[in-house]
Amino acid sequence: MAGSGNSDPRANAYLAARVDDALKMLKTDGMSPALEFMQLVGVPRTVALRVLCSPAQQRSRDRRKSPR
């Protein structure tokens, strides 16, 4: 994502999907496995921690009507 020239943090469809997977994992397996998964797939640690620790900031759904 760094250096891509696109300011939309969800522009990387692969990482966006992995974040969604981690949020599902958070509900079933807990914080530690979800964080470890996000780090393994390349989600920046600051993003992973923000998403996992701040449910109010999680997106309820992707605003895009169709995937890129």
Side-chain angles (χ1 to χ4, degrees):
M1 287 187 353
S4 66
N6 192 339
S7 62
D8 179 10
R10 301 269 303 195
N12 185 326
Y14 172 79
L15 285 183
R18 300 301 68 84
V19 169
D20 291 340
D21 293 341
L23 290 174
K24 292 174 190 169
M25 188 179 291
L26 175 66
K27 292 178 185 176
T28 60
D29 300 326
M31 175 77 69
S32 186
L35 177 59
E36 184 175 345
F37 170 76
M38 290 177 86
Q39 290 183 302
L40 287 173
V41 298
V43 176
R45 185 174 176 82
T46 55
V47 173
L49 290 172
R50 184 185 72 234
V51 169
L52 295 173
C53 296
S54 303
Q57 293 186 10
Q58 296 171 2
R59 296 176 189 229
S60 59
R61 63 179 179 83
D62 196 345
R63 286 182 240 164
R64 289 180 270 156
K65 294 185 190 265
S66 62
R68 294 180 182 169

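- Nearest heavy atom pair, residue Asp21 against residue Phe37, reads CB-CE2, 3.9 Å.
- When hydrophobic clusters are built by joining Ile, Leu, Val, Met, Phe, Trp and Tyr residues whose side-chain heavy atoms come closer than 4.5 Å, directly or via intermediates, Leu40 is not grouped with Leu52.
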Could you list the donor-acceptor pairs under 3.5 angstrom formed between side-chain atoms of residues 22-30 and any protein atom two or more places apart in sequence or on another chain?
| from | atom 1 | to | atom 2 | distance (Å) |
| --- | --- | --- | --- | --- |
| Thr28 | OG1 | Lys24 | O | 3.4 |
| Thr28 | OG1 | Met25 | O | 3.3 |

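- Judged as a side-chain contact (heavy atoms from CB on, under 4.5 Å), and not counting sequence neighbours, the contacts of Gln39 are Leu35, Arg45.
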